[in-house]
2 protein chains.
Amino acid sequence: MSPQEKEIYFNVAISTSLVLFGFDGDKLRILLKKHDKDPYRGAMLLPSQYVKYDEATDKVAKDLLLRHTKEINIYIEQLKAFSKVFRNPLGRVVNISYYGTVKLDDKLVKYSENRGEVWLEYSQIPDLAFDHNDIIDYAKERLKRRVKRRPIGFYLLPEYFTISQLQKLYENALNREMDKRNFRKKIFNSQLIIETELTDNSSSKKFARLYKFDEEKYEKLSLKGYDFLF
Amino acid sequence: MSPQEKEIYFNVAISTSLVLFGFDGDKLRILLKKHDKDPYRGAMLLPSQYVKYDEATDKVAKDLLLRHTKEINIYIEQLKAFSKVFRNPLGRVVNISYYGTVKLDDKLVKYSENRGEVWLEYSQIPDLAFDHNDIIDYAKERLKRRVKRRPIGFYLLPEYFTISQLQKLYENALNREMDKRNFRKKIFNSQLIIETELTDNSSSKKFARLYKFDEEKYEKLSLKGYDFLF
DNA sequence: CCAAAAGTGTTCGGAATACACCCATGA
DNA sequence: TCATGGGTGTATTCCGAACACTTTTGG
């Protein structure tokens with residue numbers, strides 16, 4: 001490649017955005033922030049960051065995750081590149097997007113609030129800056145598929161959860177209602193949750209039993225090539 | 001963004017690569033070419049091209065498709081961005097990869113040969129330049145998933161095909177053998193192929209009936225939200 | 001006459017779906 | 001006492017998997 005060609009081609013910027021899903025026990029939510037710079041000052045958008053020419057995009061996405069959740073051990077995955085020519089008025093910026101799932105508790109909600117960020121309800125995302133609505137739509141589809149194939153539901157729930165919570169999560173992600181009895185049958189059949197002695201009565205007058213995810217068993221099954229299938 | 005920041009960030013190049021799948025009636029194949037420039041002169045690689053700062057990557061991928069097949073009406077789809085820092089010795093180059101499926105006939109094979117390109121067998125891809133082996137691995141996984149959900153098999157076959165050819169294609173893509181009777185049952189059940197009066201005896205002494213894909217019916221079913229499911 | 005691919009049905013088990021009532025409790 | 005969510009079982013249907021023999025015909 002000649003120097004002139006290099007001029008022509010090495011003239012693009014990369015950004016990453018992160019679609020973080022959280023579940024509050026009732027609704028799926030997505031983390032958004034207010035943009036404090038031009039362009040689009042004041043608009044809401046996904047946590048995002050430009051990538052320097054010597055930075056790995058995976059690492060930048062991990063950094064975003066860390067900054068917004070203080071967590072480091074969360075699985076994130078690239079969605080795809082969003083690369084329309086005019087998506088950013090500053091110049092040609094290609095966005096490489098990621099998604100991740102996080103346990104959403106009051107502490108994290110407070111932390112986000114203090115940073116001027118909000119967890120907005122899955123089904124009520126407003127118009128966002130850039131093409132971030134497209135990114136979220138894509139992420140929702142990915143989550144739908146993943147939730148059917150892998151037990152990622154558990155990464156959105158607290159360590160101990162009720163079957164109702166789990167069901168609500170699936171209903172949110174797959175956007176349809178499910179039969180309680182069939183849902184339980186399927187979940188218990190999967191052998192991937194452990195009954196505990198604990199109960200919860202925060203959402204009902206009757207106590208609900210708490211369960212936890214059997215991560216060890218899942219590891220073993222994955223190794224053998226089995227797959228969670230919802 | 002300050003001018004200094006712009007210097008730092010707008011210093012990346014984008015390339016696209018295209019994983020083109022073709023089926024010759026017996027084996028799935030992928031189009032590869034010999035690299036004629038440094039770096040990696042002489043190595044094999046995927047059809048690829050740098051993206052100018054004002055070009056849409058989708059368009060560049062379509063151009064690649066057109067140049068390599070003379071076809072324009074072929075569905076291609078982005079895979080994802082491959083963005084390791086040191087994947088290209090010229091500088092920071094992020095590769096946005098696509099895949100597509102094409103009917104592979106003798107004419108196309110000849111055309112490719114004249115261009116110094118080859119259709120290599122799916123299961124016998126050599127070590128390639130850059131990280132193109134990673135891209136192909138990813139594309140194979142995507143094809144596997146797609147073939148189960150959408151009737152893309154038909155876009156790889158000639159207009160008229162035998163059930164055996166279709167089965168071979170599925171066996172190639174999914175990398176496992178299938179039972180002839182069950183396969184036929186499933187395919188006929190899908191209602192998506194039309195029996196014709198034509199037969200073929202090129203691969204057997206007994207004549208084999210030729211079928212064609214019922215594209216119209218598929219459109220209708222898709223609209224209603226049904227899905228092909230293999 | 002034989003090799004090679006085409007074509008054809010049945011059985012079984014497991015999973016998905018549809019569906020309705022009682023229980024425990026806090027208000 | 002009643003409203004709220006927790007918890008439970010059965011019948012039916014559908015799908016996938018396993019499995020073996022006959023047909024045609026070119027060589």
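A note on names: the letters A, B, ... follow the listed sequences, proteins ahead of strands, and every chain is numbered from 1.
Checked for salt-bridge contact, B/Glu195 and B/Arg209 meet the test: a charged N lies under 4.0 Å from a carboxylate O.
Between the C1' atom of D/dC19 and the CE atom of B/Met178 lies a distance of 18 Å, rounded to the nearest Å. The nearest whole Å value for the distance from the CZ atom in B/Arg209 to the P atom in C/dT8 is 9 Å. Taking atom CD of residue B/Gln191 and atom P of nucleotide D/dC15, one finds them 12 Å apart after rounding to whole Å. Spacing between atom CD of B/Glu171 and atom P of C/dA5 amounts to 13 Å, rounded to whole angstrom units. Atom pair A/Ile163:CD1 and D/dG7:P shows a separation of 8 Å (rounding to whole Å applied). Whole-Å rounding puts the A/Arg181 CZ to C/dC21 C1' distance at 8 Å. When the C1' atom of D/dA17 is taken as reference, atom CZ of B/Arg176 falls 11 Å away, rounded to whole Å. Whole-Å rounding puts the B/Phe183 CZ to C/dA6 P distance at 12 Å.
Residue-level contact check: A/Lys180 touches the bases, meaning some heavy atom is under 4.0 Å from a base atom. The residue B/Ser164 sits close only to the backbone: its heavy atoms come under 4.0 Å of sugar-phosphate atoms, none of a base. At a threshold of 4.0 angstrom between heavy atoms, the contacts of A/Arg184 include nucleobase atoms, whether or not backbone atoms are also involved. B/Asp179 comes within 4.0 angstrom of a nucleotide base, judged by non-hydrogen atoms across all strands. Using a 4.0 Å heavy-atom cutoff across all strands shown, B/Ser203 reaches sugar-phosphate atoms only and no base atom.
Both tests hold for B/Lys140 against B/Tyr122: distance to the six-membered ring centre under 6.0 Å, angle to the ring axis within 45°. For A/Lys103 and A/Tyr155, the positive end is not near the middle of the six-membered ring at less than 6.0 Å and at most 45° from its axis. By the 6.0 Å and 45° rule, B/Lys186 stacks over the aromatic ring of B/Phe230.
Side chain of A/Lys205, nearest nucleotide from C/dG26, C/dG7, D/dG5: C/dG26. Taking the side chain of B/Asn182 as heavy atoms from C-beta on, and the options D/dA18, D/dT25, D/dG9, the nearest nucleotide is D/dA18.
Taking side-chain N and O atoms only, A/Ser204 has no distance below 4.0 Å to OP1 or OP2 of D/dT4.
Counting atom types as modelled, B/Lys185 pairs no side-chain N or O with a base atom of C/dT8 as donor and acceptor under 3.5 Å. Residue B/Asn189 places no side-chain atom within donor-acceptor reach of the base of D/dC15, judged by atom type and a 3.5 Å distance cut-off alone. Interface remark: the B/Lys206 side chain does form a donor-acceptor pair with the C/dA6 base, using a distance-only criterion of under 3.5 Å.
Centroid-to-centroid, the aromatic rings of B/Tyr99 and B/Tyr138 stay 6.0 Å apart or farther.
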